[in-house]
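Numbering of residues begins at 1 and proceeds along the displayed sequence. The model shown is predicted, which means the values in this text are computed figures rather than measured ones.
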Amino acid sequence: MSRTGADAASHYEDAMSALLFFRGEVADASQALLAAAPESVMGNVLAAYLGLLGTEEKDATAAREAFTRFTDGVPTEELTPRERMHLAAATSWLDGDIHRAGRILGELTVAHPRDELALATGHQIDFLTGDAIRLRDRVGGALTAWPEDDPHYGHILGMYAFGLEESGHYDRAREAGLAAVGHNPRDVWGIHAVVHTYEMQGRFAEGIRFLDARTDDWGSGNYLNVHNWWHYCLYALEAGDTARALGIYDAVLHHDASAGLAMELLDASALLWRLLLADRATGDRWPRLADAWAARQDPPYYAFNDVHAVMAYVGADRIADAERLVADRTAWLGRTPPELSNHAMTAEIGLPVCRALIAYGQGRYGDVVDLLAPIRYRLNTYGGSHAQRDAVQKTLLEAALRAGRDETARTLLSERIGLRPVCPYNWLAQARLADRLGETAKAAAARTRAAEQAAQGAAALSRP
């Protein structure tokens, strides 16, 4: 580690441990590292990555300025090839090309499979770009280089579990995730991976029990606790307990003391949007959430965030604000080079989804179908997980049902039920379609099935 003494290297190790546990101490350790060795190459690389991982434009801008000052004075020929690759990856991402950064880190991992910073950062890039195959194989390709007694082996296994889940290997993912949690009970990313497997298989009663048994390990004190509480809310919704979901929303997802971070606000939007699709009342939560998004005054940076801001504006009936965001992003596309990763994310997915959300809020359900149906197989390319993107998939289904696009609705429901036969939402939607088509017996059977499945989740929620 060039220009890094023993004290700074110790702070680097502390930072890496905190990073893998998603704990706030990572910021303190990073600052201590640079205080001990301001010219540390890996210290400055780490600081750059930390400024990028939260998808906060202001943090990324500050990180870019600091990193540029550092690199202007670094004779790269004196650095190791590994350090030069990290510099190139950080520079690419700071310049807006997240995909190139991911590729460079992938090459680095082939040469140095136990570079945990390269693995952890590359893994998050794959998540932010919705690349399920790389999310799986980046870590899978390095896993056998890690001895099982390494202190961080469990964290690497937890990353692998999430990649397995996002690429559809649910049983293997759960096995790997549980093994990760066995190594480190407070591995919130490993817990998160297991939670996703239950979500994608409709095993929400088991998911509730899994999270309840480990609340002390994941429920607070880490950067992922809000997101994991969001997953708990999804389970509660499947069990038909809207009050429980809204109680968690008020206590954790969004309240007066919330920090207003994009990664937390988008969870709040995604939960309330599901309730909007279900025609459930949410009190004054939408206006307050829309205010929080508006206060950020975000420039174009990450299309996935833009979509969730529009959800809040539409939910609060602030259509003009939603349309203003769309107009701003449209103008930005015209003056921005297409090499920026967010250019394609915005043009191909972000803006069509935003326009569809606005159309849904205005009751133009046929337009929603026309906007979303052509891109539904490519939604992953603007980031997020299957569980997160399901809000958009549900929007398409709800619009098809409300627009009388019966064949489209039948196709979508057939797909969903085939993948998740244990899902009350799917069966209730099936019943609505059957009612429309006059299939009385089919509708009754679907409602019975939905009630039976919801009762399983309700029983899990009622346990002390």
Side-chain angles (χ1 to χ4, degrees), residues 1 9 12-23 26 41-42 45-46 48-50 52-53 79-90 92-93 98-184 186-194 196-197 224 380 383 385:
M1 296 177 67
Y12 181 87
E13 292 298 329
D14 292 342
M16 285 309 309
S17 180
L19 178 64
L20 294 173
F21 277 107
F22 284 75
R23 300 190 68 84
V26 65
V41 176
M42 291 310 300
V45 165
L46 172 63
Y49 290 151
L50 293 180
L52 290 160
L53 287 168
L79 308 183
T80 67
R82 184 176 178 182
E83 289 171 326
R84 288 199 294 271
M85 293 183 79
H86 269 294
L87 285 175
S92 293
W93 193 355
I98 188 173
H99 294 92
R100 183 171 185 271
R103 291 193 297 271
I104 293 170
L105 289 174
E107 294 169 6
L108 195 159
T109 299
V110 171
H112 302 280
R114 292 183 62 192
D115 185 328
E116 57 199 4
L117 181 59
L119 276 174
T121 305
H123 183 66
Q124 292 300 317
I125 285 175
D126 296 334
F127 168 57
L128 294 172
T129 57
D131 192 335
I133 302 303
R134 281 194 174 91
L135 196 67
R136 179 192 67 196
D137 291 347
R138 181 189 300 274
V139 182
L143 194 60
T144 57
W146 285 76
E148 294 188 20
D149 61 354
D150 187 286
H152 292 314
Y153 175 78
H155 295 293
I156 306 306
L157 200 58
M159 293 181 212
Y160 189 44
F162 186 54
L164 287 167
E165 179 276 320
E166 284 299 292
S167 52
H169 307 282
Y170 301 129
D171 291 339
R172 178 72 185 100
R174 187 166 52 258
E175 176 186 329
L178 290 172
V181 176
H183 280 270
N184 299 299
R186 291 182 177 271
D187 180 357
V188 292
W189 192 253
I191 290 171
H192 167 257
V194 176
H196 268 268
T197 68
L224 209 63
N380 64 293
S385 66

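- In this structure, Tyr49 and Leu19 have side chains that are not in contact, with every pair of non-hydrogen atoms separated by 4.5 Å or more.
- When the shell of 6.0 Å around CZ of Arg134 is examined, it contains 12 or fewer heavy atoms from other residues, nucleotides or ligands.
- The ring pair (Phe, Tyr, Trp, His ring centres under 6.0 Å) search around His155 returns Phe21, His152, not counting sequence neighbours.
- The line from CG of Asp131 to CG of Asn380 is 8.0 Å long, rounded to the nearest 0.5 Å.
- The CD atom of Gln124 sits 8.5 Å away from atom CG of Leu135, with the distance rounded to the nearest 0.5 Å.
- Residues Tyr160 and Arg172 have side chains in contact (heavy-atom distance under 4.5 Å, counting atoms from C-beta outward).
- Side-chain N or O atoms of Arg136 include none that pairs as donor or acceptor with a backbone N or O of His169 at under 3.5 Å.
- For Arg174, the side-chain hydrogen bond (donor to acceptor under 3.5 Å, both in side chains) partners are Asp171, Gln201, not counting sequence neighbours.
- Not a single salt bridge (Lys or Arg N to Asp or Glu O under 4.0 Å) links Asp187 to another residue, sequence neighbours left out.
- Not a single side-chain hydrogen bond (donor to acceptor under 3.5 Å, both in side chains) links Glu116 to another residue, sequence neighbours left out.
- Legend: residues meeting ring pair (Phe, Tyr, Trp, His ring centres under 6.0 Å) with Phe162, ordered by chain and number and at least two apart, are Phe127, Trp189, His192, His196.
- With Ser17 contributing its side chain and Asp14 its backbone, the two residues share no donor-acceptor pair below 3.5 Å.
- Side-chain contact between Asn184 and Leu20 is absent, with no heavy atoms from C-beta onward closer than 4.5 Å.
- Tested against His86, the residues Asp115, Thr121, Ile104, Thr80 include a single side chain to side chain contact (heavy atoms under 4.5 Å, CB included) partner, Asp115.
- In this structure, Arg114 places its CZ atom where more than 12 heavy-atom neighbours from other residues, nucleotides or ligands lie under 6.0 Å away.
- Remark: His112 engages no residue in a ring pair (Phe, Tyr, Trp, His ring centres under 6.0 Å) (not counting sequence neighbours).
- Once rounded to the nearest 0.5 Å, the distance linking NE2 of His99 with CG of Leu128 reads 10.0 Å.
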